[in-house]
Structures are given as C-alpha cells and as structure tokens.
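For reference, the structure discussed in these notes is given below.
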There are 2 protein chains.
Amino acid sequence: MFSNFNIQNFIYNFSCNCQKVQKKTFSKNQVITTYIQKRNQLCILLSGHADLVRYDLNGNRTIVEHFSKNDLFGEVFYKVTTNNELLVEAKSSCTVLFYIYDEIKSPCSKGCKFHDTLAEHLPELILDKITELNTRIELLTQRTTRDKLLMYFSLISTRKLSKTFELPMSLTDLADYLSVDRSAMMRELKLLKEDNLVDKIGNRIILLYK
Amino acid sequence: MFSNFNIQNFIYNFSCNCQKVQKKTFSKNQVITTYIQKRNQLCILLSGHADLVRYDLNGNRTIVEHFSKNDLFGEVFYKVTTNNELLVEAKSSCTVLFYIYDEIKSPCSKGCKFHDTLAEHLPELILDKITELNTRIELLTQRTTRDKLLMYFSLISTRKLSKTFELPMSLTDLADYLSVDRSAMMRELKLLKEDNLVDKIGNRIILLYK
DNA sequence: AATAATATGTGACTTATGCAACAGAAAAAA
DNA sequence: TTTTTTCTGTTGCATAAGTCACATATTATT
C-alpha cells in the first residue's frame, strides 16, 4: 500500500524521546478516538479492526473508512469541517499507537527519530490516503446498489488476489459502508446470485464473472 | 482555503529555471488533461472553471470535482487506480499552469524556486485536498437526493457567507456531481420549494430555513 | 451450558428515484 | 439577426430502494 516507505519496519523500530507517543489497547465496541477540530492526532492501528463512523441527525450511521492492521488515521488525515460526530470504533480488540503533533512538517525539537521519520514520509502517506479516498468516492458515485456491490467486490478481489474471499466486515457494516439500506442490499445480493454473477456462502464471496 | 500558504502570491511571483512549467489557455469544452498512471502532473487553474469528469461503462458521467480559480489538480492529487477514463474539461475559457514532477519531495536540481516552494508546501496543499475529498464523501453518503441537495446548498452558503447564491455550476452538472438523475433532482427541488425550505429563481438559490 | 445479544436472511408494502420524452427558455454560434 | 445547441422544467411510468417486521443463525456473555 505504501509507495516506497515500509511502515511496518518503521513502527517496530521506532524510538521516541518526546513523550508524545502512546500505545493503548481497546476491546470490541470501545471508542478509540473522536475527531475534533484543531487537534493533530495521528494513529496507527497495530492490530485489530476499527471503523471511522459518522452518525447524522437522522440516526443514519455511515462507515467512512474501515481500518485494518497498519492503517493510519486521525485528524491529520481528516480536517473536521462539519459538526457531525466522527468517531473511531473498535470492531475487535485493537492495539493503537497515538501520536500528537504540534506542527506537521517541522522536525521534532527533541531529536525524536519516530517523529522525524514520520514527518519525512508524510507526503507519501497522505498521497496513499488520497488514493483511498478517491476510490471511496468512485464507489459511492456508483448509481445502483448492484454496481456498488460489484465494484466493492472487485476491489477486495484485487487486493486479495483471489476471486474468492471472506468479507472484511459484516454485511450490516457493509451496508453502512456503501451507504445503502441493509435489507435492500441483502435483496440485491440474492439477485446477484440468481443472475450467476456472484456466489455467496455466508460472508464468503465468490466472483463468477470472468 | 489554504492553511498558511498564500497560493495566489506564490503563483504570480514564481520563477523557474527547469523548463517544466507551461502556461496554456483552453476554450470551453476542451479537454485540459487526462489522468494517466505514473505521471506526476500538477496543474493550477489560473482562471475559468473546469471539471474533473469520469465516464463509466454505462455511459454515466460523474463530476468528480469542480475547479475554480486557484484550484489545484492533477495526478499528484489523484493516483489512478481503476481503468475508468478521467479527464479535466474546461467549462469556460481557462488558463492553466502545468507542472511536471520527477520526484515530489526532492528539491529541484536546477534551483528552481517555483519547484522548491511547491515541494515545501505540498503537505499543506494535499491536506487541503483531503478536506475537500472528505467533504465530498460526506455529501455522497447522504441517503436521499433531498439531503444531498440540502447539504450541498449548505456548503455553498457557508463558503459564500450568504443564504442567497448563484449555483457555481449548471443544474445538469449538479446532478452529475451529486450522482443523481437530473429530472429526479429537478423534482426534488420543486418539492423543497413547496415545503418552503428553499426558494429558487433559475439558478439562484435562497435558503429559507434558519 | 444457558442466556443474551447481534447478525443474517426474507417477505409485504411504500416511497424515492431513474428513465424517456418533450416543450419552452436561455445561451452560443452562424 | 437568425439558427442551432444546450439547459431548464415537467410529466407518466417502471423499477430500484427504503421501511418494517419477523424468523433463524451465529456469536458473545454469564
């Protein structure tokens, strides 16, 4: 995912003098963080699964992003502009590395290698984030639930290098991720099966088209 | 829009030795650029209006982004991942500054001030882009056409600091931007008028709610 | 192991949205 | 100016998608 920069090596070899790095663990359904204005928090998901979730005034829940191991999140990647609540929820037990910035690009005054390396590689990391966001926009601009499902499956299939895969989230969550009604999505999945485009055993998907 | 960095001063005072900057003009409906893989092009719209447009296999057109004066675009902000065609179309006469990078973060070997300043401020510029993308995602995750319209109007209203404003694009384009059918959108606009939430005289919108 | 909680799967019904088609207004081109 | 093109506004109809409600399966919790 990350262009040239190996985030994994980086995370496991970091050293920090500035006391601004914290590692915390969370259990399922706990709120990992809420996004607020003017805070520059950067988080790395070391293990587990988590979602960036928004609740709107109508009670609709939207999964804005879905995070897996080594994914980065935090206000650094999401300047808060509207007043809808944004929070990151643990979908399973999670370990998270928290990092608070004063200034994004300036080097750390304490000579902290972690901070400096991160600042150096931030442009690449942000560009990767942009790619994800653009993909998400492409997904959301699909006009029908069917097209959203097919595109989503195609993305996962490409990522997993296989036409058969387990969904990385529950079907309930997938509906909130695609921004469609769950039961309507289930109906469409049934139609996709009937049309022999997709097979489905529980949460395992098998793409049948070439 | 741009955090600390004044893009306007920057553009009008640039100097460049590396011959990689070009200024071009376009007339309405001309294709300014197409997005392709592995090219690092950065463009600045000096005047006019333009759209980043995607055409899918079903013939649907989606306006991915709408650009006005001083907006930045190009592959730097959009790594091409899918094989859908992406192009920037002039909506009126446009002047565009083109810039080709070899490496995004490295300083210019020719000591080109333009290049260096841009590289220095790229993180901020990209973060601003992220904000736009996130706003766009929030717009697209609105479940109904009504909610999309209301949120879009609210965004423009905030930007223009007025409850009355001219739409920055045609209604036909707005439908492609919100990813909904044009006639269905027109119908919803009529319903918004009937419900006294919005008034509309041609392409001028007046928000009536507090 | 028993209970509770959450997720999946489905159907009947309503509503929102897309589609096609057209007329008039506005804008662009000749 | 006149002509052509594009945009706006509207309708009838078909269909996709949301709502509600419930049964069953699966997964946590006690």
Side-chain angles (χ1 to χ4, degrees), chain A residues 26-30 48-49 51 53 56 58-63 89-93 140-150 166-195 198-205, chain B residues 26-30 48-49 51 53 56 58-63 89-93 140-150 166-195 198-205:
Chain A
F26 298 87
S27 50
K28 192 179 169 178
N29 293 329
Q30 273 194 296
H49 286 268
D51 288 334
V53 176
D56 70 18
N58 308 323
N60 284 319
R61 184 183 76 139
T62 304
I63 297 180
E89 293 174 343
K91 299 299 292 180
S92 62
S93 339
L140 289 169
T141 52
Q142 300 303 307
R143 304 296 171 103
T144 62
T145 302
R146 170 171 289 225
D147 286 342
K148 285 183 179 178
L149 282 170
L150 288 176
E166 202 73 26
L167 286 172
M169 60 179 99
S170 74
L171 290 163
T172 304
D173 285 352
L174 181 58
D176 288 342
Y177 185 73
L178 300 180
S179 204
V180 296
D181 178 75
R182 186 190 63 84
S183 72
M185 189 191 79
M186 296 298 285
R187 176 175 45 212
E188 197 55 47
L189 277 169
K190 201 166 61 174
L191 294 174
L192 280 169
K193 276 182 82 164
E194 282 170 26
D195 294 350
V198 165
D199 203 3
K200 172 177 173 301
I201 303 147
N203 289 21
R204 170 162 288 271
I205 301 292
Chain B
F26 297 87
S27 49
K28 192 179 168 176
N29 292 330
Q30 274 194 294
H49 287 267
D51 287 333
V53 176
D56 69 20
N58 309 323
N60 284 320
R61 183 182 76 139
T62 304
I63 297 180
E89 293 175 343
K91 299 298 293 181
S92 63
S93 339
L140 290 169
T141 53
Q142 299 303 305
R143 303 296 172 103
T144 62
T145 303
R146 169 171 290 224
D147 286 342
K148 285 183 179 176
L149 282 169
L150 288 176
E166 202 74 26
L167 287 172
M169 60 178 99
S170 74
L171 290 163
T172 304
D173 286 353
L174 181 58
D176 288 342
Y177 185 73
L178 300 181
S179 203
V180 295
D181 178 73
R182 187 190 63 82
S183 72
M185 189 190 80
M186 295 299 283
R187 180 174 40 214
E188 197 56 46
L189 277 169
K190 202 166 63 175
L191 293 175
L192 281 170
K193 276 182 83 164
E194 282 170 24
D195 293 349
V198 164
D199 204 3
K200 171 175 174 299
I201 303 148
N203 289 23
R204 170 161 289 270
I205 301 292

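Lettering of chains follows the sequences in order, A, B, ..., and the numbering in each one begins at 1.
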Worksheet entry | From B/Asp56 atom CG to A/Gln142 atom CD, the distance as rounded to the nearest 0.5 Å | 6.5 Å
Fill in: Distance, nearest 0.5 Å, that separates NZ of A/Lys190 from NZ of A/Lys200
11.0 Å
Discussion item. For A/Ser179 and B/Ala184, find the nucleotide of DNA chain D closest to each by heavy atoms; which residue's nucleotide sits nearer the 5' end?
Written reply: B/Ala184
Practice prompt. Could you grab the distance from atom CG of A/Leu192 to atom CG of A/Leu150, nearest 0.5 Å is fine?
Written response: 5.0 Å
Item to complete: Please state how far atom CG in B/Asp176 lies from atom P in C/dG18, giving the value in whole angstrom units.
Response: 11 Å
Please produce a list of atom pairs where a protein N or O lies less than 3.5 Å from an N or O of nucleotides 8-14 of chain C.
from	atom 1	to	atom 2	distance (Å)
C/dT8	OP1	A/Leu171	N	3.0
C/dT8	OP1	A/Asn203	OD1	3.4
C/dT8	OP1	A/Asn203	ND2	2.9
C/dT8	OP2	A/Leu171	N	3.2
C/dT8	OP2	A/Thr172	N	2.8
C/dT8	OP2	A/Thr172	OG1	2.8
C/dG9	OP1	A/Lys200	NZ	3.1
C/dG9	OP2	A/Lys200	NZ	2.4
C/dG9	N7	A/Arg182	NH1	3.1
C/dG9	O6	A/Arg182	NH2	3.0
C/dG11	OP2	A/Lys190	NZ	2.8

Worksheet entry | Interatomic distance, B/Leu149 CG vs C/dA16 P [rounded to whole Å] | 14 Å
Worksheet item: What is the distance, rounded to the nearest whole Å, between atom CG of B/Asn60 and atom P of C/dT17?
Response: 16 Å
Discussion item. Please report the distance, rounded to the nearest Å, between CZ in B/Arg143 and C1' in D/dT19.
Written reply: 13 Å
Worksheet item: Within the distance-only criterion (no hydrogens, no angle test), does the side chain of B/Asp51 pair as donor or acceptor with the backbone N or O of B/Val53 below 3.5 angstrom?
Response: no
Worksheet item: Per the side-chain contact (heavy atoms from CB on, under 4.5 Å) rule, which among A/Arg61, A/His49, A/Lys28, A/Gln30 passes with A/Glu89?
Response: A/Arg61
Fill in: N or O in side chain of A/Thr144 less than 4.0 angstrom from D/dA16 OP1/OP2
no
Practice prompt. Would you give the length of the straight line joining atom CE of A/Met185 to atom CZ of A/Arg146, rounded to the nearest 0.5 angstrom?
Written response: 14.0 Å
Fill in: Pairwise distance CG(B/Leu140) to OH(B/Tyr177) - rounded to 0.5 angstrom
8.0 Å
Worksheet entry | Between P of C/dA26 and CZ of B/Arg204, the distance in whole Å | 15 Å
Worksheet item: When the distance from CG of B/Leu174 to C1' of D/dT8 is rounded to whole Å, what number comes out?
Response: 13 Å
Worksheet entry | Nearest-Å distance for atom pair CG/P, residues B/Asp147 and D/dA17 | 17 Å
Response to the item:
Distance col, row B/Thr141:OG1 vs B/Lys148:NZ, nearest 0.5 angstrom, shows 9.0 Å
Item to complete: Give the rounded distance in Å between these two atoms: CD of B/Glu188 and P of D/dT8.
Response: 17 Å
Discussion item. Suppose we screen for side chain to side chain contact (heavy atoms under 4.5 Å, CB included). Which residues come up paired with B/Thr172, at least two apart in sequence or across chains?
Written reply: B/Ser170, B/Arg182
Worksheet item: Through what angle, rounded to 10 degrees, does the axis of the helix from C/dA1-D/dT30 to C/dA30-D/dT1 turn between its ends, using five pairs per end?
Response: 60°
Response to the item:
From the candidates C/dA28, C/dG18, D/dT19, the one with an atom nearest any side-chain atom of B/Asp181 is C/dG18
